[in-house]
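Some notes on the structure that comes next.
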Number of protein chains: 2
Amino acid sequence: MLATATAQNHAANVALVGQPKREVSPAGNRIAESLKLINDTLAVTRRLLHAGDSVYEAGERFESLHVVNSGIFKLVNLSPDGREQVVGLQFKGDWLGFDGIATGRHSCDAVAMDTGEVWTVRYDSLLQASARQPALMAVMHGAMSREMTRDRDALLSICTLPADARVAEFLHNWASSLSERGLRTDQITLRMTRAEIGNYLGMKLETVSRALSRLARDGIIEFSEGGRRDVRIPDLGVLSACVQRCVAPEGMLQ
Amino acid sequence: MLATATAQNHAANVALVGQPKREVSPAGNRIAESLKLINDTLAVTRRLLHAGDSVYEAGERFESLHVVNSGIFKLVNLSPDGREQVVGLQFKGDWLGFDGIATGRHSCDAVAMDTGEVWTVRYDSLLQASARQPALMAVMHGAMSREMTRDRDALLSICTLPADARVAEFLHNWASSLSERGLRTDQITLRMTRAEIGNYLGMKLETVSRALSRLARDGIIEFSEGGRRDVRIPDLGVLSACVQRCVAPEGMLQ
DNA sequence: CGTAAATTTGATACGTTTCAACCCTCGTGG
DNA sequence: CCACGAGGGTTGAAACGTATCAAATTTACG
């Protein structure tokens, strides 16, 4: 959804401008309602984590699923020979731990990128509760399905977009994720180093840095006066147009 | 699983050599038992497809899931601007259609790569049957979980391996998939063009061709006398060692 | 059998990585 | 208070791997 719904999201943002009271997007409602349902029908264990803490690690026995209530978490896949790859970023309402269901052991690390809270639910008790409350199962299946779609969109970007466009789309997706959750999208704080962003996008940190510099030079993004960790996005539409420009064969004024 | 279980799979193959009667691997049992359970407890619609036929297409309304009974199917993700990416290959026992659960519409195409059969089950009736037969739900969740893990392993390869190693690992994974299903792994027939393989692996067809030529020159694979569509793999261990060699920093004899 | 598609291979162009130098910020301790 | 060091970030120049373009060859198929 993230990668493909650029036009729609932009339209939704534009529509929001005229609203005096902040209206939550449909996706935002979905997330809020899902969290409410989980909270109401399950005995969750709340767990507070700080940057660098891991919710679970590869190889650990799988017993529970976790729902992100706040903060941002990265999923890191590791190969036996030491290569590692950030394969997902999870925001509020996203789930952690599905990778463990099949084998009974987790196949990647889930790490907090800043202070955040997860709600932990034993998988077996979730299944039991789902029998009484089918909506619960629907929420879980929806989360799994959405995650698969999102991962595939990420793969599409990595395989078909040049570095600059990947970085632009990354920023756009981050802003969209915030937007879905009713947060402001014009000013975003990346909780990742250039190296982490690069790993996630399949490029080196220098390439990320250069791409960001070019985006800033072209006025598509702006760095806050302080550090270069905060990014201002004057216009989300311009950002996604920038992605399209990288893809377009040649001279397309439109 | 595919990408990370190289050593184990090889060990399993070696163990099989001494057996006079063909023994099915643990994964093979899982697959056979899953198909049996589905067949016994659900009213499936069997559907025969030929190369190029699609099980479903992006945008289509989601109503059913499909289990591959024979043949190989590719999942193709499309972007609004026309880029397309093979994001998965599904073999016997794998499922098709999970991407539609979240939104009620499919987000990619599922296309037969040769003649094959899928068993189609309405999602709602599957949920009902799962209430009576929890093992059914376990099979479905296992399939989803396994697919997520496999996709992440593919992403890891694409982002961290050079072209030659990606092709070598692709062949190894293909052979492993056959092995899991009790099929011979020394002689495999790729049902994909170089362009399709390249798309799946995030490279151009010429690069695939060169990589295959190098593997053949080094004796790691052999082409059958007929076309270059059939590949013989004398030793799966040598193939995965070849992947490691590409990753190793420098001079590591062992 | 003839034609279109697929494959291989070479030469060159291009984008990203690599290596390196430098800058900035921030927390620490002399 | 400021020197200092560490980690993160930026930028340039050169090296590298893959893409692109082009041609020749083989294969598939009506």
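Each chain gets a letter, A, B and so on, in the order its sequence line appears, and its residues count up from 1.
In this structure, CG in B/Leu161 is found 7.5 Å from OG in A/Ser79, a value given to the nearest 0.5 Å.
Taking the C1' atoms of five terminal pairs at each end of the helix from C/dC1-D/dG30 to C/dG30-D/dC1, the two resulting helix axes are inclined by 30°, rounded to 10°.
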Would you tabulate the pairs of protein nitrogen or oxygen atoms and nucleotide nitrogen or oxygen atoms of nucleotides 26-30 of chain D closer than 3.5 angstrom?
none

Under 3.5 Å between N/O atoms: give me all the protein pairs with nucleotides 19-21 of chain D, atom names plus distance.
| residue | atom | partner | partner atom | Å |
| --- | --- | --- | --- | --- |
| D/dA19 | OP1 | B/Lys204 | N | 3.4 |
| D/dA19 | OP2 | B/Lys204 | N | 3.2 |
| D/dA19 | OP2 | B/Thr207 | OG1 | 2.4 |
| D/dT20 | O4 | B/Arg210 | NH2 | 2.9 |
| D/dC21 | N4 | B/Glu206 | OE2 | 3.2 |

What does the list of N/O pairs under 3.5 Å between the protein and nucleotides 21-23 of chain C look like, with a distance for each?
none

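Partners of A/Thr115 according to the side chain to side chain contact (heavy atoms under 4.5 Å, CB included) rule, which considers only residues two or more places apart in sequence or in another chain, are A/Leu48, A/His50. For A/Arg217, there are no salt bridge (Lys or Arg N to Asp or Glu O under 4.0 Å) partners, not counting sequence neighbours. Among residues two or more places apart in sequence or in another chain, the side chain to side chain contact (heavy atoms under 4.5 Å, CB included) test is passed with A/Ala216 by A/Ile221, A/Phe223. Partners of B/Asp109 by salt bridge (Lys or Arg N to Asp or Glu O under 4.0 Å), not counting sequence neighbours: none found. For B/Arg232, the salt bridge (Lys or Arg N to Asp or Glu O under 4.0 Å) partners at least two apart in sequence or on another chain are B/Glu222. With sequence neighbours left out, the salt bridge (Lys or Arg N to Asp or Glu O under 4.0 Å) criterion links B/Arg83 to B/Asp81.
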Residues 202-210 of chain A side chain polar contacts: donor-acceptor under 3.5 Å, at least two apart:
none

Check: residues 190-199 of chain A side-chain donor-acceptor pairs under 3.5 Å, at least two apart:
| residue | atom | partner | partner atom | Å |
| --- | --- | --- | --- | --- |
| A/Arg191 | NE | A/Asp114 | OD2 | 2.3 |
| A/Arg191 | NH1 | A/Thr189 | O | 3.1 |
| A/Thr193 | OG1 | A/Ala195 | N | 3.4 |
| A/Thr193 | OG1 | A/Glu196 | N | 3.1 |
| A/Arg194 | NH2 | A/Arg228 | O | 2.9 |
| A/Glu196 | OE1 | A/Thr193 | N | 3.1 |
| A/Glu196 | OE2 | A/Lys74 | NZ | 2.7 |
| A/Asn199 | OD1 | A/Val86 | N | 2.6 |
| A/Asn199 | ND2 | A/Glu84 | O | 3.1 |

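The interatomic distance linking A/Arg194 (CZ) with D/dT11 (P) rounds to 10 Å, in whole Å.
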